[in-house]
Enquirer: 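Handing you a structure now.
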Amino acid sequence: MSVKECDHHRGRRRRRCRRLCAWCLIVNFIILFFILLVWAALQPRKPRFIIQDVTVYAFNFSAPNYLTSNFQVTIFSRNPNSKIGIYYDRLVVYAAFQSQQITYFTDIPPVYQGHKDVTVWPPFVAGSNVPVAPYYSAALGQVQNSGLLLLTIKLDGRVRFKIGTFTTGRYNLHVKCPATISFGNQNSGYYVGNAVKFQLSQSCSVTV
């Protein structure tokens with residue numbers, strides 16, 4: 001085979017590769033455009049969270065800087081979308097005082113939330129002899145004197161959205177639920193055995 005024939009075959013291969021790459025780019029662009037068009041038409045909305053109540057089983061601050069606590073929280077989650085389902089692939093819940101985590105992580109089992117569905121989770125969050133930074137120790141001392149505890153119940157996880165037969169990739173989910181507990185006000189809570197239950201019905205902030 002002559003040099004000219006080899007160059008001719010190489011040129012044909014290059015042109016075929018260029019055409020194939022161009023077609024792949026066009027097809028990928030069309031698929032992406034279609035997905036974005038469907039996404040915009042459906043107008044997906046973030047799930048909504050409400051913290052319904054907090055039951056306090058233990059809350060003891062001891063010297064030098066250790067906190068033991070045990071809470072049960074009731075959290076409602078609603079999918080506001082009429083055509084989009086939500087997969088909660090991973091979800092953990094914990095309590096924080098100001099910016100410090102004061103309980104261990106509690107895992108919530110994976111679940112699929114259908115269109116307009118409501119899911120209720122009643123997890124326990126607890127921590128035994130959790131070290132507290134000195135700055136927060138002073139604030140916790142004020143809590144013992146005032147009887148007013150400002151907690152944040154947080155949920156972190158990974159979610160996917162299901163549109164028909166198409167399922168998106170995973171997105172980070174962050175939920176913050178404010179929980180104000182007044183130990184000094186007898187009318188704000190009621191006894192459930194040895195625990196005290198506080199009704200909250202407070203909306204949570206949600207970031208996806």
Side-chain angles (χ1 to χ4, degrees), residues 27-56 69-127 130 136 148-182 188-189 197-208:
V27 170
N28 288 334
F29 176 79
I30 292 172
I31 292 173
L32 180 61
F33 178 76
F34 177 75
I35 292 171
L36 292 174
L37 189 65
V38 171
W39 192 260
L42 293 175
Q43 295 181 344
R45 289 177 289 173
K46 297 181 293 186
R48 295 173 182 170
F49 284 75
I50 293 175
I51 181 166
Q52 183 64 29
D53 55 61
V54 175
T55 304
V56 182
S69 60
N70 188 2
F71 310 98
Q72 184 180 21
V73 297
T74 303
I75 297 172
F76 285 75
S77 171
R78 180 176 180 270
N79 177 5
N81 300 288
S82 59
K83 297 180 181 179
I84 299 175
I86 302 174
Y87 287 102
Y88 293 90
D89 292 333
R90 176 182 176 272
L91 202 60
V92 296
V93 58
Y94 59 97
F97 176 73
Q98 297 186 10
S99 61
Q100 177 166 350
Q101 182 177 340
I102 60 171
T103 67
Y104 309 127
F105 292 115
T106 297
D107 290 309
I108 294 178
V111 66
Y112 173 73
Q113 194 174 55
H115 313 152
K116 299 286 186 179
D117 276 358
V118 174
T119 307
V120 181
W121 291 298
F124 282 87
V125 289
V130 176
Y136 301 117
L148 186 64
L149 176 63
L150 304 178
L151 283 181
T152 303
I153 304 300
K154 296 185 177 183
L155 297 95
D156 295 328
R158 302 273 280 172
V159 296
R160 291 175 294 151
F161 297 93
K162 185 174 184 293
I163 309 167
T165 58
F166 173 75
T167 302
T168 68
R170 291 181 172 86
Y171 292 84
N172 291 321
L173 174 72
H174 302 288
V175 182
K176 295 181 180 180
C177 302
T180 302
I181 299 172
S182 179
S188 63
K197 189 171 189 174
F198 298 88
Q199 296 289 340
L200 300 176
S201 298
Q202 180 70 44
S203 296
C204 308
S205 65
V206 181
T207 303
V208 178

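Residue numbers start at 1 and run along the sequence shown.
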Enquirer: How close do Leu173 and Val208 get, heavy atom to heavy atom, and via which atoms?
Expert: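 That would be CD1-CG2, 3.7 Å.
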Enquirer: First locate atom CG of Asn79, then atom OG1 of Thr119, and finally report the distance between them rounded to the nearest 0.5 Å.
Expert: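 It comes to 8.5 Å.
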Enquirer: Could you give the distance from CG (Leu200) to OG1 (Thr74), rounded to the nearest 0.5 Å?
Expert: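 The distance works out to 9.5 Å.
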Enquirer: Find the distance between CZ (Phe71) and OG1 (Thr106) and round it off to the nearest 0.5 Å.
Expert: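 It comes to 11.5 Å.
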Enquirer: Does Lys46 use its side chain to pair, donor to acceptor, with the backbone of Arg48 at less than 3.5 Å?
Expert: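 Flag not set: sc Lys46 to bb Arg48 has no pair under 3.5 Å.
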Enquirer: Mark yes or no for whether Thr103, through its side chain, and Val125, through its backbone, hold a donor-acceptor pair below 3.5 Å.
Expert: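 Checking the backbone N and O of Val125 against the side chain of Thr103, no donor-acceptor pair under 3.5 Å is found.
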Enquirer: What is the distance from atom SG of Cys177 to atom CD of Gln52, rounded to the nearest 0.5 Å?
Expert: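 Result: 11.5 Å between the selected atoms.
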Enquirer: For the residue pair Phe161 and Ile86, establish whether any side-chain heavy-atom pair is separated by less than 4.5 Å.
Expert: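 The answer is yes; the side chains approach within 4.5 Å.
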Enquirer: Between Pro80 and Arg78, is there a side-chain heavy-atom distance shorter than 4.5 Å?
Expert: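 Of all side-chain heavy-atom pairs linking Pro80 with Arg78, at least one is under 4.5 Å.
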Enquirer: When rounded to the nearest 0.5 angstrom, what is the spacing between SG in Cys204 and NZ in Lys176?
Expert: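 The SG atom of Cys204 sits 12.0 Å away from the NZ atom of Lys176.
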Enquirer: Taking salt bridge (charged side-chain N to carboxylate O under 4.0 Å, His left out) as the definition, give me every residue that meets it alongside Arg90, ordered by chain and number, with sequence neighbours left out.
Expert: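 Listed in chain order: nothing, the list is empty.
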Enquirer: Can you see which heavy atom on Gly189 is nearest to which on Phe198, and at what distance?
Expert: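 Looking at all heavy atoms of both residues, the shortest contact is CA-CD2, 3.8 Å.
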Enquirer: How close do Pro123 and Ile108 get, heavy atom to heavy atom, and via which atoms?
Expert: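 For Pro123 versus Ile108, the nearest heavy atoms are CG-CD1, 4.4 Å.
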Enquirer: CD1/Ile51 to OG/Ser203 distance, rounded to the nearest 0.5 angstrom?
Expert: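 The distance works out to 11.0 Å.
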Enquirer: Test of understanding: with salt bridge (charged side-chain N to carboxylate O under 4.0 Å, His left out), list the residues that count as partners of Asp89, not counting sequence neighbours.
Expert: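 Listed in chain order: Arg160, Arg170.
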Enquirer: Not counting sequence neighbours, which residues clear ring pair (Phe, Tyr, Trp, His ring centres under 6.0 Å) with Tyr87? List them please.
Expert: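 By the ring pair (Phe, Tyr, Trp, His ring centres under 6.0 Å) rule, Tyr87 matches Tyr112.
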Enquirer: Restricting to side chain to side chain contact (heavy atoms under 4.5 Å, CB included), what partner residues turn up for Gln98, sequence neighbours left out?
Expert: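 So Gln98 forms a side chain to side chain contact (heavy atoms under 4.5 Å, CB included) with Tyr135, Tyr136, Ala139.
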Enquirer: Please list, one pair per line, the donor and acceptor atoms closer than 3.5 Å that link side chains of residues 149-159 to other protein atoms, with sequence neighbours excluded.
Expert:
residue	atom	partner	partner atom	Å
Asp156	OD1	His174	ND1	2.9
Asp156	OD2	Tyr94	OH	3.1
Arg158	NH1	Asn172	OD1	2.8

Enquirer: List the atom of Ser77, the atom of Trp121, and the distance in Å for their closest heavy-atom pair.
Expert: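 Minimum heavy-atom contact is CB-CZ3, 3.4 Å.
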Enquirer: Can you pull the salt bridge (charged side-chain N to carboxylate O under 4.0 Å, His left out) pairs that have at least one residue in residues 107-117, sequence neighbours excluded?
Expert: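 Those involving residues 107-117 do not exist here.
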Enquirer: Taking the side chain as C-beta and beyond, is there a heavy-atom pair between Leu148 and Thr180 under 4.5 Å?
Expert: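 Yes, close enough: below the 4.5 Å cut-off.
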